[in-house]
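Here's the structure, in structure tokens; my notes come after.
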Protein chains: 2
Amino acid sequence: MLGDVARLAEVSTATVSRVYNEPDKVSPSVRERVLQAASALNWIPNAAGRALASTRTHIAGAIIPTLDDQVFASQVAGMQAVLAERGITLFLGCSNYDPTQALTQVRAMLARGVEAIAIVGEAHPPELFDALTQARVPYAITYAYRDGSPHHCIGFDNRAAFVEITEHLIGLGHRRFAAVIQPAQGNDRVQARMAGIREALERHGLAVRPSHMYEGPATIAFGRQSLRAIWQGSEKRPTAIICGNDQLAIGVLLEAGELGIKVPQQLSVTGFDDVALAQEIHPSLTTLRVDTAEIGRRAARYLLDVLDGRENVESCVVQPVLKIRESTARVSGSKK
Amino acid sequence: MLGDVARLAEVSTATVSRVYNEPDKVSPSVRERVLQAASALNWIPNAAGRALASTRTHIAGAIIPTLDDQVFASQVAGMQAVLAERGITLFLGCSNYDPTQALTQVRAMLARGVEAIAIVGEAHPPELFDALTQARVPYAITYAYRDGSPHHCIGFDNRAAFVEITEHLIGLGHRRFAAVIQPAQGNDRVQARMAGIREALERHGLAVRPSHMYEGPATIAFGRQSLRAIWQGSEKRPTAIICGNDQLAIGVLLEAGELGIKVPQQLSVTGFDDVALAQEIHPSLTTLRVDTAEIGRRAARYLLDVLDGRENVESCVVQPVLKIRESTARVSGSKK
DNA sequence: TTGTACGCGTTATCAA
DNA sequence: TTGATAACGCGTACAA
């Protein structure tokens, strides 16, 4: 421990501490002696001791639904990169899309003394936010942005994003739509996306009929099976399918290939996220690109600013960009 | 803090502590009083204080190259699941495939008092392992297994895996091979994979010619561009391409589609990992399936066993399984 | 620039 | 079963 280093370097414990925390306040010769002693004893400062004495833990937390989804993984990577520069390490928690688990994770992190925390989405129990507020731990909601939210959000308006993508299709003359989306239960982002689709369609007096609405796991397999069901259904077939994310859309694309459905001639397909495969697959996928790493970086910078008592002037909105590719086209026979 | 709770519950601080650490040793009535006081004050035990007093942090660490790769993300998820059951939280560090960063991360984790640590691969500076040994922190190497390794490894023999996949192709009559792999520099797993390919080919007096060997980023894009280069090259074209992972193989598959190369009639392609897309893409990809989540779970259980002074009897090997699909076939004109 | 001494929030030991 | 008290390893006023 620190005391041993002090003894070996023949200085006081305070000096050893200073060497690590305020190096300028120690004369170079003494500093050198201390560092040598430390390395001789193979000593590293103990974080628990530091935390207790300084009431600073240098730990931040991030809570995401799952690491299985690239978009959250890269958000975490972005946060880590920014926080590491400031000597802050990141505790990671996965809620598995379960608000109860999210609450448990937050409690565990508070016990660990996280100084700040980022949480994906705002659909969480009030106790979660109460706990954060009581503990005076600054937090940010990521991957979602909503005007009028009581929280500081960093992300984008999921509803507006899906209005945009729906309007794109309407503009191409589409009138019959199907939707394939991930489970909306307890997921504010997905709910907002559905609301966006509905809103855009309503403006034009349109709607997705229930039999053309598929909700299930965000996998390629579910995308496939949804298209098959839609195509075999008795209803008049849609000319466009809006998918909740790229995985689902890629599933639809692959199944279309198998069923001999021509995309985009017979059917337009859209995704969301813009994963690497979206621009590589054939036909390439029209989708909305979201810079999730930037969401992570910005969340980290915001939290650091709050901790420093600085004002954060960065925009909270990381705008998704519509990438129009081969999977969407003007509906055949529709006039420009 | 704990003292406030003690006062409110009209018990000593020791009793409050017991309620949380050895509940059986406290009478039910007192226990109830303490819990009520705690919840009234909204108190959670402070981890730094506990760590200091008990010399146990309940923290473990995991160091992976990157979160951008699904296989590492799911290993982390597997570890978390097992550790969470024991109230242990996980610190995550990404080395970005840089051994120096790995060392830095390990040091940071030791300072944080991690009780155990899992590290992907064994190609790390000796100081890293020295530090771990000196600190008496048990560790496990994941995602790699090698007979004769001085470390406890949990994973599979990358060399043997690629011998298997290469032999599969040789057995199908292939004699001219190309290889598309990720950067081998500082990556023992990739080096082992290359060695496996080489070894299997040598047994049959074969080798990949340098002009058919492509090393670059593990992306779909690099897979594509490698196939294009191979196909345009002046050398006699290979009949099989072995890829270092599924991303690369999917790139090759997509580019083959674009170039009008028939897979598997003209060209066989293999991958590694068995990502979700591998069985969905057309033609589906022959690859080796690795249960990375199981690697994570087993690593976690091993580390827990060491911490408990228990002997771990689980196998260190998580055997990859060859998934033969449509992308490989008997070379045309070869006899069975 | 350096040292002294106290306190951070909890657990562990021992005695009651 | 419960309580008093001394650690745990470090940072930080304050004094020198």
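As a basis for the values below, the full set of heavy atoms in this structure was taken, side chains included, without hydrogen atoms, waters or symmetry mates. Small disclaimer: the values here were computed from a predicted structure and weren't measured. Reminder, nothing fancy here: chain letters follow the sequence lines and each chain counts from 1.
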Side-chain polar contacts of residues 59-70 of chain B - donor-acceptor pairs under 3.5 angstrom, sequence neighbours left out - could you list them?
from, atom 1, to, atom 2, distance (Å)
B:T66, OG1, B:D68, N, 2.9
B:D69, OD1, B:V71, N, 3.2
B:Q70, NE2, A:D68, O, 3.3

Nucleotide of D:dT12, C:dC8, C:dG9 approaching A:A53 most closely (side-chain heavy atoms):
C:dC8

Once you round it to whole Å, what is the distance between P of D:dC10 and CD of A:E22?
16 Å

Could you tell me whether A:V30 contacts a base, only the sugar-phosphate backbone, or nothing, with contacts defined as non-hydrogen atoms closer than 4.0 Å?
sugar-phosphate

With a non-hydrogen cut-off below 4.0 angstrom, is B:V26 in contact with a base, only sugar-phosphate, or nothing?
sugar-phosphate

Give the ring-plane orientation class for B:F91 versus A:F91, where under 30° counts as parallel, over 60° as perpendicular and anything between as tilted.
parallel

Residue met sooner reading DNA chain C from 5', once A:K25 and B:N46 are mapped to nucleotides
A:K25

Per nearest nucleotide of DNA chain C, the residue lying toward the 5' end, A:T13 or A:S27, is A:S27

Can you tell me if B:T15 touches the phosphate of D:dG3, counting only side-chain N or O atoms and a distance under 4.0 Å to OP1 or OP2?
yes

Separation of C:dA12 atom C1' from B:R50 atom CZ, nearest Å, is 13 Å

What integer distance in Å separates B:D4:CG from C:dC8:C1'?
13 Å

Measure the acute angle between the ring planes of B:H152 and B:Y302, then classify it against the limits of 30° and 60° as parallel, tilted or perpendicular.
parallel

When the nearest nucleotide of DNA chain D is assigned to A:G49 and to B:D24 on a heavy-atom basis, which residue is associated with the more 5' position?
B:D24

Measure the distance from CG on A:N21 to C1' on D:dT12 and round it to the nearest whole Å.
10 Å

With a 4.0 Å limit, can you tell me whether B:S54 has a side-chain N or O closer than that to the phosphate oxygens OP1/OP2 of C:dT11?
no

Here the distance between atom P of D:dA4 and atom CD of B:E10, to the nearest Å, is 13 Å

Please report, rounded to the nearest Å, how far the P atom of D:dA4 is from the CG atom of B:L2.
14 Å

Whole-Å gap separating C1' (D:dT2) and CZ (B:R18):
6 Å

What is the distance, rounded to the nearest whole Å, between atom CG of B:L52 and atom C1' of D:dC8?
4 Å

Would you find more than 12 non-hydrogen atoms of other residues, nucleotides or ligands less than 6.0 Å from B:E10 atom CD?
no

Around atom CD of A:E314, are there more than 12 heavy atoms of other residues, nucleotides or ligands at under 6.0 Å?
yes

